[in-house]
Amino acid sequence: MRRRKTRSQEIKQERKIMNLDSKIPEGPIAQKWSNFKAHAKLVNPSNRRKYSVIVVGSGLAGASAAASLAEQGYNIQCFCYQDSPRRAHSIAAQGGINAAKNYQNDGDSVYRLFYDTVKGGDFRSREANVYRLAEVSGNIIDQCVAQGVPFAREYGGLLANRSFGGAQVSRTFYARGQTGQQLLLGAYSALEKQIGLKKVKMYPRREMLDLVLVDGHAKGIIVRNLVTGEIERYSADAVLLCTGGYGNVFYLSTNAQGCSVTAAFKCYKRGAGFANPCFTQIHPTCIPQHGDQQSKLTLMSESLRNDGRVWVPKKAEDCTKNPNDIPEEDRDYYLERKYPSFGNLAPRDISSRAAKEACDDGRGVGPVVNGSRRGVYLDFADAIKRDGLHTIEEKYGNLFEMYERITGENAYKVPMRIYPASHYTMGGLWVDYTLQSTIPGLFVLGEANFSDHGANRLGASALMQGLADGYFVIPYTLPNYLAQEGAKKISTDRPEFAEAEGEVKARIKKLLGVKGDKSPRHFHLELGKVMWELCGMARSEESLKKALEKIPQIREDFWKNVRVVGDEHTINAELERAGRVADFLEFAEVMVRDALERKESCGAHFRVEYQTEDGEAKRNDAEYSYAFVWEYAGEGKPPILHKEPITHEEVAPVVRSYK
């Protein structure tokens, strides 16, 4: 008797060659988005109530998308693992949001924001997507002001701006050091309005554990209720994934503990291409690690580099001295020295490597952790002398207060100590111009996709992308798909849902059944050390091959010796963590393979074999001007590499210099 194929086997058989058609509209770059909107298919207002859409994640991308689509008339189901949508990690963003408003009359424009973003990403991003981002950026500010977001204002009442790294204009709008929180509250208020109108059904404390495909299209998800432990099925006409990045693969990062790769990785295992996973951003201004028992690191906003000057002692013997006792002539303001045109506002990847270089040279400051001093100074003495203490307090008061609470040091009197840390991921699920993944019906928004930032993101552009995708892109691109696909009442009783649910339950049983003697956190910490040391700020063929040896060993040990206490029928934070760590242990191997395959240095991906004489990243445009897109090949098999050419029609690639 022949065994019936499972639905996942059938879907896999249907996938022949991964379709990487970017669907970029015709015409000049400044008209592509207008051309798309003019020719996109629409759904009649009276028909929109027939469609349902799942939104996974309630951060800036998810909340804005859910609110906007509900406002249009679609029925939305929104899921988050937090107890409230307003606790999404977008709330942690501090410094600001970019927009090409040119309020400072200093030469900014849509094109300049587009150019700075492409150059900042080291010419590894898709130009059409980046131009659209710059084009709609001004609308975001208008939208947020209308919602009541309390942006900083000048004395006369006009919106204020400040500068961020990689730009020579002031285009960053901000709300003190709480910009992410205020923007999220604006999106949250719009979301709550639609919840009140019953156009959005909110499902907090749910974690997505699988994607359900019906006839090759994304039509539902499987989630775990984190309060009751129940496994639940939900169906819709399309799924929007807005679940952020995977920076916690390094264990220590500025991300919240709950941030993970799980939702995106489940989609990858169902057939979604994962693009450029090795493009991970290390943020140069974070509070340094202070010991072995830390669970996360804390961001200090890049905006501080507007007024703070970064330096280390010139002589290693001065590193233990009180910084105020080190004379000016014995200080090395290394960013100002190396990059005079941009100074302390050099882009993040460059600033991070420069800090590592200074500490590797034995000139790091602060306490010794794991055998070395990993810190540099961020000094506000000159700014306080120039502008006055009150002005600095008004700009950055909450950041200085947070720093003092964590370190016990008053940064108004003693320079801050900072060091790079994992912060953001430019890689993510591959999407086309409409934000649709390689799985029809699965759209990916915000940090969860790969499309806008290339190999390095400029500061204050994450909030811009999340809100652009949610407020101004997906409301046009999703109806184009829905109008062609039609409304389909997909029942969760279908075998595809039963199969996916069965796989989720089996994995939970497997995690609980190991009954070893090591915690999930133990394995996460082990993985993080491997990733940070061998695939972090600097990588080499030797280190990456070593990582590919170590990761499977940790994964094997995990499945033999992990101990998950409690059971699956109630709140169980250890079970949640174990599932996320298990996914990181698989995903890390894809990330390392990506870094090994890309034999060049570009942006945040720094291969030590490929650098210029003065230690800068050395691209290889002839061979690596591609998005690397990885396809899941099955359990125990290496992933399959596909390539989308990155073409440069508007901005010719040049040596990326900030000197």
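Every heavy atom of this structure was used, including side-chain atoms; hydrogens, water molecules and symmetry mates were not.
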- [ ] Run the salt-bridge test on Glu401 and Arg405 with the 4.0 Å N-O cut-off and return the result as yes or no.
- [x] yes
Open item on the list: So, applying salt bridge (Lys or Arg N to Asp or Glu O under 4.0 Å) with Asp332, which one of Arg309, Arg337, Lys314 is it?
Closed with: Arg337
- [ ] Please work out which of the three classes, parallel, tilted or perpendicular, describes the rings of Tyr111 and Phe114, given edges at 30° and 60°.
- [x] perpendicular
Open item on the list: Quick check on Arg86: does its CZ atom have over 12 non-hydrogen neighbours (other residues, nucleotides or ligands) under 6.0 Å away?
Closed with: no
- [ ] State whether the side chain of Ser64 and the backbone N or O of Leu60 hold a donor-acceptor pair below 3.5 Å, judged by distance alone.
- [x] yes
Open item on the list: Working note: Glu409 + Tyr403, criterion side-chain hydrogen bond (donor to acceptor under 3.5 Å, both in side chains); need CA distance, chi angles, decisive distance, verdict.
Closed with: CA-CA 7 Å; Glu409 299 170 5; Tyr403 180 83; 3.2 Å; yes
- [ ] Search all heavy atoms of Leu467 against all heavy atoms of Cys144 and return the closest pair with its distance.
- [x] CD1-SG, 3.9 Å
TODO: Rounded to the nearest 0.5 Å, what's the gap from CD on Glu533 to NZ on Lys550? Could you check?
DONE: 8.5 Å
Task: Donor-acceptor pair, side chain of Arg656 and main chain of Gly120, under 3.5 angstrom - done: yes
TODO: Find the distance between CD (Glu302) and CG (Leu299) and round it off to the nearest 0.5 Å.
DONE: 9.0 Å
Open item on the list: Give me the atom names and distance for the closest heavy-atom approach of Ala421 to Leu297.
Closed with: CB-CD1, 3.4 Å
TODO: Taking Glu404 for its side chain and Ala411 for its backbone only, find out whether a donor-acceptor pair lies under 3.5 Å.
DONE: no
TODO: Return yes when atom CD of Gln294 has more than 12 non-hydrogen atoms of other residues, nucleotides or ligands closer than 6.0 Å, and no otherwise.
DONE: yes
Open item on the list: Which residue is it: Thr254, Thr285, Thr280, Asn255? I am looking for the one with a side-chain hydrogen bond (donor to acceptor under 3.5 Å, both in side chains) to His423.
Closed with: Thr254
Open item on the list: Strictly distance-based, threshold 3.5 Å: is any side-chain N or O of Ser451 a donor or acceptor partner for the main-chain N or O of Asn129?
Closed with: no
TODO: Determine whether more than 12 heavy atoms belonging to other residues, nucleotides or ligands lie under 6.0 Å from atom NZ of Lys618.
DONE: no
- [ ] Output yes when Asp379 and Arg417 qualify as a salt bridge under the 4.0 Å nitrogen-oxygen rule, no when they do not.
- [x] no
Task: Heavy atoms of other groups near Lys119 NZ, more than 12 under 6.0 Å - done: yes
Open item on the list: Under the criterion salt bridge (Lys or Arg N to Asp or Glu O under 4.0 Å), I'd like the reasoning laid out for Lys321 against Asp318: C-alpha separation, chi angles, the key distance, then a yes or no.
Closed with: CA-CA 5 Å; Lys321 290 183 179 179; Asp318 288 345; 3.0 Å; yes
Open item on the list: Under a 3.5 Å distance rule, please check whether His283 uses its side chain to pair with a backbone N or O of Ser422 as donor and acceptor.
Closed with: no
- [ ] Could you walk me through whether Glu357 and Lys338 pass the salt bridge (Lys or Arg N to Asp or Glu O under 4.0 Å) test, one step at a time?
- [x] CA-CA 12 Å; Glu357 183 181 285; Lys338 296 179 72 173; 3.2 Å; yes
Open item on the list: Run Val376 and Ile418 through side chain to side chain contact (heavy atoms under 4.5 Å, CB included) and show every step you take.
Closed with: CA-CA 5 Å; Val376 302; Ile418 58 170; 3.6 Å; yes
Open item on the list: Is it the case that the side chain of Arg305 and the backbone of Leu378 share a donor-acceptor pair, with hydrogens and angles ignored and the cut-off at 3.5 Å?
Closed with: no
Task: Test item: Ser125 side-chain N/O and Gly121 main-chain N/O as donor-acceptor pair under 3.5 Å - done: no
Open item on the list: Angle between ring planes, His453 versus Tyr424, binned at 30° and 60°: parallel, tilted or perpendicular?
Closed with: perpendicular
Task: Side-chain touch Gln465/Glu447, heavy atoms, less than 4.5 angstrom - done: no
Open item on the list: side-chain hydrogen bond (donor to acceptor under 3.5 Å, both in side chains), that's the test. Do His522 and Glu526 meet it? Break it down for me.
Closed with: CA-CA 6 Å; His522 166 85; Glu526 289 296 303; 4.8 Å; no
Task: Ring geometry between Trp532 and Phe250 (parallel below 30°, tilted from 30 to 60°, perpendicular above 60°) - done: perpendicular
Open item on the list: Tell me the closest heavy-atom pair linking Val136 and Ala468, and the distance in Å.
Closed with: CG2-CB, 3.6 Å
Open item on the list: Quick one: does any side-chain atom of Ser301 pair with a main-chain N or O of Gly177 as donor and acceptor, under 3.5 Å?
Closed with: no
Task: Exam field: side chain Ser352 to backbone Asp349, donor-acceptor pair closer than 3.5 Å - done: no
Open item on the list: If we ignore hydrogens and angles and just use 3.5 Å, is the side chain of Arg373 paired with the main-chain N or O of Gly366 as donor and acceptor?
Closed with: yes
Open item on the list: Before you tell me yes or no, could you show the steps for Asn161 and Thr172 under side-chain hydrogen bond (donor to acceptor under 3.5 Å, both in side chains), namely the whole-Å CA-CA distance, both residues' side-chain angles and the distance that decides it to 0.1 Å?
Closed with: CA-CA 5 Å; Asn161 294 110; Thr172 305; over 6 Å; no
- [ ] Identify the heavy atoms of Ile282 and Pro420 that sit nearest to each other, and give their distance.
- [x] CG2-CB, 3.4 Å
- [ ] Take the angle between the ring planes of Phe342 and Tyr658 and call it parallel below 30°, perpendicular above 60°, tilted in between.
- [x] perpendicular
- [ ] Using the six-membered ring wherever Trp is involved, compare the ring planes of Tyr396 and Phe380 and label them parallel, tilted or perpendicular (cut-offs 30° and 60°).
- [x] tilted
Task: Aromatic ring pairing Phe587/Phe274, orientation class (parallel under 30°, perpendicular over 60°, tilted between) - done: tilted
TODO: Hey, could you give me the OG/NZ distance between Ser341 and Lys659, rounded to the nearest 0.5 Å?
DONE: 10.5 Å
Open item on the list: Can a side-chain donor-acceptor contact be found between Arg171 and Ser163 if the only test is distance below 3.5 angstrom?
Closed with: no
Task: Pair Asp452 + Arg132: basic N to acidic O under 4.0 Å - done: no
Open item on the list: On a heavy-atom basis, which atom in Tyr412 and which in Glu393 lie closest, and how many Å separate them?
Closed with: OH-CG, 3.2 Å
TODO: List the steps, then state whether side-chain hydrogen bond (donor to acceptor under 3.5 Å, both in side chains) holds for Arg577 with Ser519.
DONE: CA-CA 9 Å; Arg577 182 185 296 276; Ser519 70; over 6 Å; no
TODO: Mind listing the closest non-hydrogen atom pair of Val369 and Gln289 along with its distance?
DONE: CG2-O, 3.5 Å
Open item on the list: Are Tyr246 and Phe584 an aromatic pair, judged by ring center distance below 6.0 Å?
Closed with: no
TODO: Would you mind telling me which of Arg593, Arg124, Glu623 makes a side chain to side chain contact (heavy atoms under 4.5 Å, CB included) with Arg598?
DONE: Arg124
- [ ] Please assess Phe151 against Tyr174 for the test ring-ring contact (aromatic ring centres under 6.0 Å, His included), listing each intermediate value before the final yes or no.
- [x] CA-CA 5 Å; Phe151 285 122; Tyr174 62 99; 8.5 Å; no
Task: Enclosure of Gln293 CD (heavy-atom neighbours >12, cutoff 6.0 Å) - done: no
Open item on the list: With a sphere of 6.0 Å drawn around CZ of Arg162, does it hold more than 12 non-hydrogen atoms of other residues, nucleotides or ligands?
Closed with: yes
TODO: Using a 4.5 Å cut-off on heavy atoms from C-beta on, say whether the side chain of Phe279 contacts that of Arg457.
DONE: no
TODO: Go through Tyr333 and Tyr377 one step at a time and tell me if the ring-ring contact (aromatic ring centres under 6.0 Å, His included) criterion holds.
DONE: CA-CA 9 Å; Tyr333 295 92; Tyr377 289 126; over 10 Å; no
Task: Lys546 atom NZ: more than 12 heavy-atom contacts under 6.0 Å - done: no
Open item on the list: Can you confirm whether Lys599 is buried at NZ, in the sense that more than 12 heavy atoms of other residues, nucleotides or ligands lie under 6.0 Å from that atom?
Closed with: yes
